[in-house]
Each structure stands twice: as structure tokens, then as C-alpha cells.
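These notes are about the structure you will find just below.
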Amino acid sequence: MRKAFRITVAGMAAALILPFLGAGGATAGPLPTGPDGGAAGQAWAATHDGPQTYPNIHITWDVPITMSDGTVLKANLYRPADVFGLPAPIAAPTVVNMTPYTKLVSNLADHASEVPGLSDAMIGLAREIDMTGTPLSGVTDLTKALGGGALRNFSVDRSLVRSGYTQLVVDVRGTGFSQGEWDMLRDREQRDTVEVIDWASRQPWSNGRVGMSGISYSAINQVQAAEKAPPALQAIFPIVPGSDLINDVLAPGGGFGMNFIPLWLTAINSLKWIPDVQSLVTGNFDQQWLTDRMDSPLTYMDVFLNAYSQTRVEDLDPRVRSLLSADSPERAAWLGDPSRITIPTFVVGGWHDLFTYSQSQIYNQIAVAPGQKQLLMGNTYHLNSGAESGKPGLPPRLDVLQRAWFDRWLKDIDNGIDRYGPVTLREQGGGWITRAGFGDSAPVQEAAEHRRMYLSGTPSGTAHSVYDGSLLASEDGSTQRLTVAPGLTGLCSNDAGQATAGVLAAIDACGADARIHETNGLTFTSAPVAEATEISGPVAIRLNTVHDAVDGYWSVTINDVAPDGRSTVLSSGQLAASLSEIDESRSSRSANGDYTDPRPVASLENRKLVTPGEAVTLDIALPATHAVLKPGHRLRVDVFAGNFPKGLPILTMLADTGLKPQHLQLDPNRPSFVNVPVRGNPGW
């Protein structure tokens with residue numbers, strides 16, 4: 001009864017609002033205003049949640065799609081259907097989702113979210129759970145994400161299908177029921193995606209216009225496909241995508257993603273062994289599928305294990321060396337070029353996501369006008385995208401935004417979504433805002449000015465850390481040598497929360513407060529700001545370091561410190577000392593000449609062991625961020641000797657560090673500083 005009432009109300013809202021929005025190129029009525037889109041945002045929700053053109057959905061299971069090399073991929077096809085469940089005889093826009101997590105899991109998630117009455121009740125209950133003010137307040141973000149629409153973006157959006165779209169969910173090569181060996185976003189898999197798009201566009205149920213949807217892996221391959229510009233692909237909606245996969249998650253700063261990678265590989269390699277039970281019953285079992293699984297039973301797991309079992313570079317598996325070689329085909333495949341994208345693209349990311357480093361860069365590099373490209377960044381991790389959505393003042397749900405996006409670019413309905421944003425940000429320390437750009441794309445009136453803040457040995461009196469220093473607007477002549485040793489406090493840190501996709505961040509003392517982590521770090525804290533001050537854009541930190549071994553591994557964070565002492569991480573980065581060489585062709589600097597994005601070459605061929613006792617300058621990139629320091633709050637830089645478990649150098653590099661203490665040498669002739677983008681008058 002409640003669901004029927006809601007649908008009726010939504011339908012009435014749509015009837016009242018939609019006539020003002022027009023279609024097919026007509027002039028739109030109310031423009032989107034603010035993060036929630038105003039009246040236009042209400043119309044998008046009403047369109048998605050109201051009555052649809054078709055009452056049912058028809059599913060065709062395990063559709064075979066043969067690739068150019070003969071490998072057969074399997075897909076589930078969702079089509080609009082009549083009251084009898086028969087597919088509608090229409091050619092509709094097609095939305096493709098390429099997933100390694102299997103279309104079986106996608107289908108289970110779809111059905112779990114569509115149980116009449118029960119699903120709505122469970123989602124409603126999850127959204128009402130509020131543990132704010134407790135030590136587990138992070139649980140609230142995870143539960144509210146269930147009602148943020150992302151589950152439909154991950155699996156299937158039945159409202160989208162009933163409105164006149166087809167959806168095609170495909171197991172990527174070597175996963176699910178598809179044949180072949182899993183290629184993990186490399187060249188062959190990218191070619192598969194393009195071939196699937198072309199195949200789908202030529203089917204009788206497709207009108208030749210294709211979009212792509214999906215989260216995480218399924219967002220990355222959207223960006224990769226758009227760079228290759230298949231003619232039929234006309235719009236994408238990637239949620240938490242990445243582009244520079246080495247710097248994002250595989251080997252940030254030269255350290256393997258120790259926390260995330262093994263769990264992720266285990267999940268995919270386990271799911272890919274689930275057989276097609278129906279084919280066993282009917283006698284149509286795919287023997288090639290079994291042969292392919294036997295040929296590669298645990299794809300890439302042996303690569304990971306080799307990285308942590310060999311102490312000499314020359315003994316490493318060639319695939320490990322290829323992973324850490326700047327000129328290898330694998331590295332080339334995992335390094336995207338978003339500047340080649342020329343179709344409408346809506347990027348959804350999070351300030352603490354696994355792929356934060358890439359997300360604003362993807363937006364800024366896409367070669368279309370703002371509006372045709374959009375960026376929405378939440379104060380979220382990988383698993384809780386859309387946690388803050390669907391209420392006045394908050395962005396529309398992700399499934400609502402996606403529907404509006406595809407209606408605009410695949411059906412030519414002028415619903416105003418191209419006038420939303422184009423940059424919608426959750427300020428860390430504040431609320432939701434809309435901007436004309438972000439970072440490199442910010443217009444003059446919105447741009448922050450990069451400025452140095454120097455690491456000083458003068459005590460700030462604000463932190464319980466290995467050393468409590470200050471962050472100053474000018475160099476004060478400090479000459480101390482500060483020592484910090486590797487430790488395990490990183491197990492309870494924002495980085496650990498990020499590396500567990502947000503699970504550990506449910507514990508406030510780890511995800512939302514860095515004070516436990518800081519007990520084994522060096523801290524440098526500014527004076528309190530005099531007025532609200534924005535930190536907006538990419539950040540870089542320069543350290544003057546000295547080592548007792550021939551290598552070291554450093555991690556750094558910038559934090560917002562509240563008057564009560566809570567230290568909230570805004571962004572973080574890491575770098576191995578032996579990989580300090582910067583790739584100037586891919587790096588960027590601010591007007592003051594300092595780096596804003598110093599990209600390391602991060603290649604074994606370019607690795608240079610340091611000389612113990614000699615100073616080494618490290619430039620460390622931190623993902624772009626947006627935060628507001630309220631009056632009385634302070635900016636802090638944290639420095640650590642290691643970043644376990646988020647990043648851990650391979651064994652041969654780890655052995656070279658000896659796990660020895662590392663030193664930060666404060667020297668006015670070789671200053672250590674953060675190049676931070678500031679907007680406002682902090683009074684420093």
C-alpha cells in the first residue's frame with residue numbers, strides 16, 4: 001500500500017513538473033539549482049520513481065557474444081515487456097555493464113532490491129539507521145548508501161528498463177560464465193568491451209545508441225571504452241572510476257596495495273568458479289569454460305605471492321617486473337588518457353575512494369564542455385557512494401541522476417541535467433556546494449592559490465605524536481633531524497579505511513580521527529584560521545629525508561584539526577625513496593613553481609637506491625581535495641615511515657629499507673613544505 005501510494009504521488013509530481021522541462025531539444029523550464037537540482041531534481045526523481053511506459057521486464061539468460069578471437073562471453077539481457085511478460089517489439093537505447101563480479105551476483109542484487117514491499121522496507125530501515133555521535137558513526141554512511149541508488153547502478157535498474165531501455169550485463173572474459181582468461185582491464189579486455197558495444201548496437205532490440213553504467217571495475221572499463229570512441233557509444237555514467245590504476249591502487253608510490261589487492265583478487269577468482277548449474281542439468285555445459293578455468297585457476301594470485309616471496313629483483317616473476325616497469329604493455333593499458341573522451345560523461349567519486357587520485361583528473365581532462373561532463377564528489381569511500389542523497393539540499397540519488405543522464409543523451413530529452421553542476425562537491429568540514437569547475441578547471445573567481453606552508457620544529461602544543469612541530473607560512477630556520485620508525489598504528493587509520501573500501505572507516509577512531517595513527521608519526525600543525533578557509537585542489541608535499549638504509553617508504557597526510565583535537569584526514573599520499581624520480585611530462589606545477597602533482601616514474605628500471613646518511617628530496621603527490629577549515633580549526637601535515645596495510649613495498653624493496661627508522665631533516669637550505677591550495681584569509 002505504501003509503495004503504491006508513493007508511486008501515485010511520484011506520478012502526480014511528474015505530471016505537474018515534466019511539462020515544464022520539455023523534450024527532444026525543446027527549451028527546458030526550471031533550471032537545476034544547487035546540489036539537489038531544485039525543481040528539475042524533483043522532476044528527475046519523479047520520472048524515475050513514477051509509473052513507467054512498460055509494466056514488466058523480460059530477461060534473456062546467458063546470451064552468447066562471440067569475440068573476434070572466438071572467445072564466447074555470456075550476458076543477461078533485460079528488455080521492457082508487456083503485461084504478459086513478453087518483450088516489447090521496440091528498438092531501444094541500450095545500456096551495457098561489463099562486470100568481473102558476475103552477472104549472477106548482479107542478478108541476485110537486482111532481485112534483492114525488487115522484492116515487493118520487503119525490499120523497500122529494508123532499504124527504508126537502512127536509511128533510518130543513524131549512529132551519529134557514537135564511536136561507530138561511520139556505519140551510518142554504509143547503511144544509507146543502500147538507499148542512495150548505487151545498488152541499481154551496480155546491477156540493473158528496472159525502472160530504467162521499464163521506461164524503454166534495454167540493459168545488457170556481461171561477464172568480462174575469464175569471469176562468471178564467460179570463456180577465456182581474465183585479462184584485468186588490459187588490451188584484450190578493452191577490445192572485448194568495444195566489440196560488445198558494436199554487437200549490441202546491431203541487435204534488433206537496439207536502436208544503435210549505447211550507454212554504459214556500473215561501479216568501480218565497471219566504471220573503469222567505461223572510461224577505457226570511451227577513450228577508444230566506438231561509434232555507437234554516446235554516454236557513460238561511471239561511479240568511482242579510476243584511470244591511472246598504478247597510482248590509484250595497484251602500487252601507490254611504489255608500494256603494492258597490500259590490504260585491498262589480495263582481497264579483491266580472491267573475490268573475483270572465487271566467483272569465476274561458480275558453474276552454470278542450468279547447463280549442467282540440461283546437458284549443455286560449456287567444456288571450454290572449464291578448460292579455461294583449469295588453465296588459469298587463480299589469475300594474478302601467483303603474481304601477488306611472487307612479489308612477496310623473492311628478495312632479489314632478478315628473481316621476480318616477469319609479470320611482477322612488468323607491473324613495475326614504466327614502459328611495459330601492462331602499464332600502458334592501465335594508464336588511461338581521458339583527453340580522448342568526447343562523449344557526455346558523468347563522473348561520481350569520493351574524497352576517500354580507492355581511485356580518488358584519478359577522479360577529478362578524469363573530469364578535467366575530458367574534451368567536452370562542462371555540462372556535457374559532470375563531476376560529483378562525496379565525502380565517501382568506495383562502498384558508500386550515494387550515502388548522502390535524495391533529500392532537500394542533497395544531490396539526487398545516483399540511479400535518478402543516471403536515468404536523467406541517459407534520457408538526455410540517449411533519448412534527447414531536454415530535462416536540464418546538462419545544466420546541473422557541472423561540479424557538485426561535498427565540502428569536507430562543510431556541506432554540499434556546486435561549482436563551475438574544480439582544481440585545474442576552476443574559473444578565476446573560484447580558484448584557490450597555491451602557497452607554501454613550511455614544516456617547522458617549533459612545537460605547536462596540539463598533538464600527541466612522535467614529534468609535535470608547527471606548520472608556518474614562512475621558513476623559521478629550524479634545523480632539527482626528526483626520526484620516525486615504521487609501525488602498526490596504520491592498521492587504524494583513514495588510509496586503512498580507504499584500503500578496505502570503507503569497511504574499517506565505520507570505526508570513527510580509525511576513519512574519522514587520525515590521533516591513534518599520529519602517535520607513531522611526525523605532526524606539523526598551523527595556527528587556527530581566523531575565518532573560514534577553503535583547501536581546494538591538488539596538494540603536494542616536499543620532504544628533505546635521510547635514511548639509515550638504502551631505501552625507505554614514506555606516507556603523508558593533510559588534516560583538518562578541530563578545536564577539540566580531532567584530526568580528520570583530508571588527503572594522503574606515499575612514495576618509496578628509491579622511486580623519487582619525477583616524470584616531468586606528466587607532472588604539473590602551480591604558479592609559484594612548486595609541484596601540485598609530482599608523478600613518480602615508479603619503475604624498477606629507474607629505481608635509484610639512496611646513500612645512507614645523505615639527504616634525498618622527495619616530492620609526494622596527494623589526490624586533489626576540497627575542504628573548508630572553520631574558524632578556530634587548524635591545518636596539519638602528518639609524516640609516517642610506512643603505510644601498512646594500504647601500501648607495502650614488494651619484498652625486495654622492503655628488504656632494502658631494513659624496516660629501519662627514517663629521518664626528516666629540517667634545513668632552511670632544503671626546506672620541507674606542503675604546497676597547498678588556499679582560498680580565503682586564514683590569517684597565517
Tyr381-Asn494 side chain donor-acceptor pair, cut-off 3.5 Å: yes

Residue pair Ser360 / His626, side-chain heavy-atom distance below 4.5 Å: no

Side chains of Asp560 and His633, donor plus acceptor under 3.5 Å: yes

Flag side-chain contact, heavy atom, 4.5 Å: Thr617 against Arg542: yes

Acceptor/donor pairs from residues 429-436 side chains to any protein atom, 3.5 angstrom cut, sequence neighbours excluded:
from: Trp432; atom 1: NE1; to: Glu388; atom 2: OE1; distance (Å): 3.3
from: Arg435; atom 1: NH2; to: Glu534; atom 2: OE1; distance (Å): 3.4
from: Arg435; atom 1: NH2; to: Glu534; atom 2: OE2; distance (Å): 2.6

Beyond-backbone contact of Arg607 with Leu579, side-chain heavy atoms, under 4.5 angstrom: yes

Close side-chain approach of Asp548 to His663, heavy-atom, < 4.5 Å: yes

Check against salt bridge (Lys or Arg N to Asp or Glu O under 4.0 Å), Asp564 and Arg566: CA-CA 6 Å; Asp564 66 1; Arg566 172 174 286 213; 5.4 Å; no

May I have the list of side-chain donor-acceptor pairs in residues 246-257 shorter than 3.5 Å, sequence neighbours left out?
from: Asn247; atom 1: ND2; to: Asp244; atom 2: OD2; distance (Å): 2.9
from: Asp248; atom 1: OD1; to: Ser358; atom 2: N; distance (Å): 3.3
from: Asp248; atom 1: OD1; to: Ser358; atom 2: OG; distance (Å): 3.0
from: Asp248; atom 1: OD2; to: Ser243; atom 2: N; distance (Å): 3.4
from: Asp248; atom 1: OD2; to: Ser358; atom 2: OG; distance (Å): 2.6

Ser460: partners by side chain to side chain donor-acceptor pair (under 3.5 Å), with sequence neighbours left out: Thr462, Asp468

Stepwise side-chain hydrogen bond (donor to acceptor under 3.5 Å, both in side chains) check, Ser325 with Asp327: CA-CA 6 Å; Ser325 175; Asp327 298 325; 5.5 Å; no

Check: Phe304 ring centre within less than 6.0 Å of Tyr300 ring centre: no

Chi angles and distances behind the side chain to side chain contact (heavy atoms under 4.5 Å, CB included) call for Glu518, Asn559: CA-CA 11 Å; Glu518 288 171 348; Asn559 301 23; 3.3 Å; yes

Side chain to side chain, Leu482 and Leu666, heavy atoms closer than 4.5 Å: yes

Thr380 side chain to Ser385 side chain, donor-acceptor N/O pair below 3.5 angstrom: no

Side-chain donor-acceptor pair present, Asn643, Asp495, cut-off under 3.5 Å: yes

Partners passing side chain to side chain donor-acceptor pair (under 3.5 Å) against Gln428 (at least two apart in sequence or in another chain): His352, Thr625

Glu605, CD atom: more than 12 neighbouring heavy atoms under 6.0 Å: yes

Arg451 side chain reached by Pro682 side chain, heavy atoms, under 4.5 Å: yes

Partners passing side chain to side chain donor-acceptor pair (under 3.5 Å) against Trp351 (at least two apart in sequence or in another chain): none

Side chain proximity check, Cys492 to His517, heavy atoms < 4.5 angstrom: no

Between CD on residue Glu427 and CG on residue Leu629, distance to nearest 0.5 Å: 10.5 Å

By side chain to side chain donor-acceptor pair (under 3.5 Å) - contacts of Asp476 (at least two apart): Ser456, Thr458, Ser478

Validation row: Val466, Phe640 side chains within 4.5 angstrom (heavy atoms): no

Tyr308/Leu654 under side chain to side chain contact (heavy atoms under 4.5 Å, CB included): CA gap, chis, key distance, verdict: CA-CA 9 Å; Tyr308 289 104; Leu654 191 64; 5.6 Å; no

